[in-house]
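So the structure is just underneath, and the comments pick up after that.
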Amino acid sequence: MSTTTPSIITIFTIILSLLLSSSLSQTLSSSSSSSSYNDEEPKSYIVHVSKLDKPSIFSSHLDWYTSALQSLPAHLSLLSHPREVIIYTYNHVIHGFAARLTHSQASYLRSFPGILSILPQRIHQIQTTQTPSFLGLTENSGLWPDSKYGSDIIIGVLDTGIWPESQSFNDSGLTNPVPKKWKGVCDTAPDFPNTSCNKKIIGARSYYKGIEAQIGQKLNETRDPKSPRDTLGHGTHTASTAAGSVVKNAGFYEYGVGDAKGIATKARIAIYKVCWSYGCNGVDVIAGMDQAVADGVDVVSMSLGPNGLAVSYDEDSFAIAAFGAVEKGVLVSASAMNSGPGPSTAVNIAPWFLTVGASTIDREFPCIVSLGDGRNFSGVSLYSGKSLEKTDLVFAGDIGNQFCVAGELNSTQAKGKIVLCSPGDIVSQGNAVKIAGGVGLIGGIPIEHGDGLTAGSPMIPGATVNFNNGLSIYGYIKSQKKPVASIVFRGTVTGSSLSAPKVASFSSRGPNHITPEILKPDIIAPGVNILAAWTGAAGPSKFEFDERRVKFNIISGTSMACPHVSGIAAMLRKAHPKWTPAAIKSALMTTTYNSDKAGKQITDLATRNISNPFQHGAGHVDPNNALNPGLVYDIQPSDYEAFLCSIGYNPRQISLFVKDRKVDCGLNKLAAGPGDLNYPSFSVVFKSSSGSVIKYKRVVTNVGRLPVATYRVKVNSPPSVKISVSPRILVFALRNQKLSYEVTFTSLRKNDSNTAKMEFGAIEWISVVHGTVRSPITVVWPAPSAIPSTTNLISSF
């Protein structure tokens with residue numbers, strides 16, 4: 001860059017500022033609303049500034065900030081000197097300043113070059129991992145106090161073990177003794193003494209015989225100790241999410257700092273270590289679940305699942321074991337897995353599972369990638385350190401390997417530069433760039449993931465951008481003789497202005513390819529950028545080269561969504577001890593919401609379009625609303641037996657699930673097929689088009705606070721379906737009274753189409769006193785010989 005360039009930029013900045021000032025002045029002078037300004041009260045704003053854009057005429061950033069404030073037009077001028085208006089300047093976590101400004105002053109400053117964002121400062125209560133507040137859980141009313149925070153409910157966590165020294169598992173707030181129903185033990189070992197268990201961690205076991213048989217050798221106990229101790233981090237993260245105690249001033253470096261707490265803070269944890277560095281062997285998982293039920297857990301939280309497509313229920317050992325758990329009154333919450341955004345990628349899809357997909361929350365960790373031509377691109381990052389000023393930029397494919405594989409980048413060409421890498425793991429790629437002498441990196445995500453960015457924690461300055469932005473940066477590199485870029489980290493941004501929740505692009509989706517008449521996933525819950533406790537034996541990434549150690553980590557996955565729902569289910573069990581697992585599941589499903597914080601329909605990050613029930617199930621979990629659902633769709637074990645009969649299972653297959661007696665399918669079979677199961681959602685599959693008719697029956701139980709209740713039906717029919725409900729009014733006279741209704745679905749689609757089609761709707765039972773009980777509807781017309789796409793499958797728990 002020539003020595004004259006800074007002055008050109010400075011002149012351009014000044015001219016642009018004057019033009020913007022003149023334009024705004026004319027606009028405001030022609031307005032008759034000047035009195036509104038006089039009524040404005042100054043408020044605190046945080047002004048995020050691009051450090052690299054500071055004009056050279058200013059000796060410091062503070063001088064730049066004060067100059068910007070002094071340049072406000074007369075009608076917006078400050079009442080005090082700028083240095084008195086500026087509250088703080090920020091140089092580390094974010095770059096910019098905080099100031100007392102009016103709404104109009106802030107609006108004007110947004111037009112200044114170098115100003116990235118101006119956010120009104122809100123009065124924040126002590127933050128948790130953010131999800132409890134995002135979910136509406138408060139200490140004053142609702143599910144938390146009504147359930148006594150899940151007091152004495154036992155959550156069995158099947159995972160990689162636990163790091164007992166984490167403050168998330170302190171029992172100082174638990175005054176009651178261990179519940180008398182608990183029959184489990186705390187397996188001790190040299191690295192897991194008996195002090196590892198307390199009133200919070202009331203039991204811990206490990207299961208490794210299956211994995212040793214699979215790998216054909218003994219586990220390396222340096223990496224995989226044969227004790228309940230977690231050396232991988234995943235189990236500690238999920239357990240603390242479900243039922244972690246309060247930990248003050250927790251965070252991942254400077255990100256997400258606040259009071260960390262789990263969902264059911266007074267529930268007890270029983271840990272079953274069934275997963276190892278090699279994976280989770282089904283033999284070990286089933287042993288863990290079997291013991292958990294015997295030990296007396298109330299909820300099983302299972303953030304794991306089979307690789308690839310779900311297999312038939314009779315070939316799915318997890319489904320079989322979960323059936324046995326539910327049969328004994330234990331709710332099994334399971335992740336839908338991270339194989340999205342392709343269709344039919346959800347696993348753990350048997351109807352007795354509570355299958356959980358992932359959503360975003362109203363907290364982000366943004367950064368800005370600024371190119372030498374002035375363009376800025378939004379990204380995300382958890383890099384802990386200073387922003388990276390204007391630096392030479394190179395594409396990894398031009399210096400050895402486009403995916404930034406360690407040892408395959410030319411160190412001469414990478415030295416001192418930012419490297420643009422094709423989609424991959426940003427931590428691993430950052431290590432490769434660091435080895436080659438690079439000083440920063442920009443990573444991408446696959447094109448099918450749309451805007452589904454998840455924050456990574458590279459060990460050198462790094463940003464993750466979406467595919468299109470990565471492509472634009474690549475084009476810039478190819479068009480310039482000397483491309484340059486900077487990366488500016490903006491810390492933690494929280495607020496209701498964010499359009500959350502959204503469906504995570506990685507979250508596995510339906511349709512259910514085993515029984516399409518059962519909608520899966522069931523619900524979505526927070527699973528993107530979740531802060532929770534971490535192991536002290538491994539870094540925040542999964543790589544051995546990562547020598548960092550943290551007490552809390554931020555990671556993403558349906559594995560993170562599952563324990564949120566497990567904690568909520570535990571509190572519902574405490575609040576309603578007589579409810580069956582199906583009743584709890586129904587309460588969670590029929591009380592969800594389908595709008596984001598801005599009041600718009602929930603969108604899918606992968607497609608950028610409005611999401612549908614195959615992506616979000618019944619909707620986003622709403623804990624407080626689930627406390628009083630009004631009606632529930634209850635299901636007894638015998639109903640699941642009828643379901644197995646309806647899908648054509650023979651006595652041998654059914655005996656896998658029903659172990660103590662024979663089932664006569666001649667006497668116990670759903671009349672209209674598997675879709676006739678008393679499920680809280682409807683999934684209709686028309687085998688032909690026009691005139692096809694399908695009828696389903698449902699039974700609802702009155703669990704409202706008042707025994708007398710009247711519900712009227714509201715039907716939101718898909719465009720190509722006529723739906724009739726009989727009766728249209730349900731009148732209850734007693735608590736726990738059951739009433740039935742029938743739904744008739746008639747296809748209106750023409751017979752001249754050979755293409756698959758899907759449409760969506762809902763049935764709502766509305767009570768003036770008890771609110772709305774909503775069941776989503778999916779309708780599918782399969783194409784002849786249609787085979788669901790199975791692309792983009794990944795294996796991770």
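- For the pair Gly491 and Pro366, the tightest heavy-atom approach, listed with the atom from each and the gap, is O-CD, 3.4 Å.
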| request: For side chain to side chain contact (heavy atoms under 4.5 Å, CB included), just list the numbers for Met289 and Tyr272, CA-CA rounded to whole Å, side-chain angles, deciding distance to a tenth of an Å, and then say yes or no. | output: CA-CA 8 Å; Met289 190 182 298; Tyr272 300 85; over 6 Å; no
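- Remark: Gln167 pairs with Asn170, Val247 by the side chain to side chain contact (heavy atoms under 4.5 Å, CB included) rule, at least two apart or across chains.
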| Step-by-step side chain to side chain contact (heavy atoms under 4.5 Å, CB included) determination, Phe506 to Ser556 | CA-CA 9 Å; Phe506 59 77; Ser556 301; 4.2 Å; yes
| Is there a side chain to side chain contact (heavy atoms under 4.5 Å, CB included) between Ile271 and Arg205 once you walk through the steps? | CA-CA 6 Å; Ile271 196 76; Arg205 300 175 185 261; over 6 Å; no
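- The backbone N or O of Glu221 lies less than 3.5 Å from no partner atom in the side chain of Arg223, so there is not a single donor-acceptor pair.
- Using a distance-only test at 3.5 Å, with no hydrogens or angles considered, a donor-acceptor pair links the side chain of Ser196 to the main chain of Pro193.
- Using a 4.0 Å cut-off between charged nitrogen and carboxylate oxygen, Lys181 and Asp298 count as a salt-bridge pair.
- Between Trp276 and Tyr208, the angle of the ring planes goes over 60°, which puts this pair in the perpendicular group of the 30/60° scheme.
- For the residue pair Asp230 and Thr535, no side-chain donor N or O sits within less than 3.5 Å of a side-chain acceptor on the partner.
- Separating the CG atom in Asp171 from the NZ atom in Lys199 is a distance of 6.5 Å, to the nearest 0.5 Å.
- Between the side chain of Thr160 and the backbone N or O of Gly235 there is at least one donor-acceptor pair closer than 3.5 Å.
- Phe252 has its ring centre no less than 6.0 Å from the ring centre of Phe552.
- Ion pairing of Glu165 with Arg229 is present here, as a side-chain N (NZ or NE/NH1/NH2) and a carboxylate O approach within less than 4.0 Å.
- Ser559 and His234 form a side-chain donor-acceptor contact under 3.5 Å, judged by distance and modelled atom types alone.
- Atom CD of Glu139 has 12 or fewer heavy atoms from other residues, nucleotides or ligands within 6.0 Å.
- Of the possible donor and acceptor atoms, one in the side chain of Thr492 sits under 3.5 Å from a partner among the backbone N and O of Gly256.
- The nearest pair of heavy atoms linking Val274 to Gly288 is CG1-CA, 4.1 Å.
- Nearest heavy-atom pair, Ser384 versus Glu254, reported as atom, atom and distance to 0.1 Å: OG-OE1, 2.9 Å.
- Of the N and O atoms on the side chains of Ser168 and Ser240, not one donor lies less than 3.5 Å from an acceptor on the other residue.
- Lys273 places a side-chain heavy atom less than 4.5 Å from the side chain of Pro225.
- Using a 4.0 Å cut-off between a side-chain N of Lys or Arg and a carboxylate O of Asp or Glu, Lys659 and Glu327 do not qualify as a salt bridge.
- Taken from OG1 in Thr241 to CD1 in Ile155, the straight-line distance is 10.5 Å, to the nearest 0.5 Å.
- Counting heavy atoms from C-beta on, the side chains of Gln291 and Tyr207 come closer than 4.5 Å.
- In this structure, Lys148 places its NZ atom where only 12 or fewer heavy-atom neighbours from other residues, nucleotides or ligands lie under 6.0 Å away.
- With a 6.0 Å radius and a threshold of 12 heavy atoms from other residues, nucleotides or ligands, Lys200 has its NZ atom above the threshold.
- Rounding to the nearest 0.5 Å places CD1 of Ile426 at 12.0 Å from OG of Ser541.
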| task | Applying side chain to side chain contact (heavy atoms under 4.5 Å, CB included), run through Tyr313 and Ile320 and close with a yes or a no. | result | CA-CA 7 Å; Tyr313 308 132; Ile320 296 169; over 6 Å; no
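- Between the side chain of His237 and the backbone N or O of Asn553 there is at least one donor-acceptor pair closer than 3.5 Å.
- Electrostatic pairing of Asp295 and Lys183 does not count as a salt bridge here, judged by no charged N lying under 4.0 Å from a carboxylate O.
- The distance from the CZ atom of Phe365 to the CG atom of Leu531 is 7.0 Å, given to the nearest 0.5 Å.
- Take Asn176 and apply the side chain to side chain contact (heavy atoms under 4.5 Å, CB included) test, not counting sequence neighbours, and it matches Ser151, Asp152, Arg268.
- With a 4.5 Å cut-off on side-chain heavy atoms, Ile523 and Val565 count as touching.
- Between Phe545 and Phe543, the distance separating the two ring centers is shorter than 6.0 angstrom.
- A donor-acceptor pair under 3.5 Å is absent between the side-chain atoms of Asp191 and the main chain of Lys226, judged by distance alone.
- Counting heavy atoms from C-beta on, the side chains of Ser508 and Asn338 never come closer than 4.5 Å.
- Thr355 and Asn348 form no side-chain donor-acceptor contact under 3.5 Å, judged by distance and modelled atom types alone.
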| request: Show your working on side chain to side chain donor-acceptor pair (under 3.5 Å) between Ser339 and Thr345 and close with a plain yes or no. | output: CA-CA 6 Å; Ser339 301; Thr345 48; 5.7 Å; no
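- At least one side-chain heavy atom of Leu588 sits less than 4.5 Å from a side-chain heavy atom of Leu572.
- Judged purely by atom type and a 3.5 angstrom limit, Thr236 uses its side chain to pair as donor or acceptor with the backbone of Trp163.
- Between Phe169 and Pro164, every side-chain heavy-atom pair lies at or beyond the 4.5 Å cut-off.
- The aromatic ring centres of His564 and Phe134 sit 6.0 Å or more apart.
- Without hydrogens or angle criteria, Lys574 side chain to Tyr149 main chain gives no donor-acceptor distance under 3.5 Å.
- Lys551 NZ: 12 or fewer foreign heavy atoms inside a 6.0 Å radius.
- Closest heavy-atom contact between Cys421 and Val433: SG-CG2, 4.2 Å.
- For Ala319, the side chain to side chain contact (heavy atoms under 4.5 Å, CB included) partners at least two apart in sequence or on another chain are Asp316, Ala350, Trp352, Phe353.
- Open room surrounds NZ on Lys434; 12 or fewer heavy atoms of other groups in view lie less than 6.0 Å from it.
- Side-chain atoms of Met302 and Phe318, non-hydrogen and from C-beta on, do get closer than 4.5 Å to each other.
- Using a distance-only test at 3.5 Å, with no hydrogens or angles considered, no donor-acceptor pair links the side chain of Ser381 to the main chain of Ala463.
- When all heavy atoms of Ile286 and Ala321 are compared, the closest pair comes out as CD1-CB, 3.5 Å.
- Between the side chain of Thr580 and the main chain of Ala583, a donor-acceptor pair closer than 3.5 Å is present.
- In this structure the side chain of Ile153 never reaches within 4.5 angstrom of the side chain of Val297, judged on heavy atoms.
- A salt bridge between Lys520 and Asp522 is present, with a side-chain N of the basic residue lying under 4.0 Å from a carboxylate O of the acidic one.
- Put simply, CG on Leu219 and CG on Asp224 are 5.0 Å apart, with the number rounded to the nearest 0.5 Å.
- Side-chain atoms of Thr238 and Asp159 form a donor-acceptor pair, as typed in the model, at a separation below 3.5 Å.
- The line from CD1 of Ile202 to CD1 of Ile269 is 9.5 Å long, rounded to the nearest 0.5 Å.
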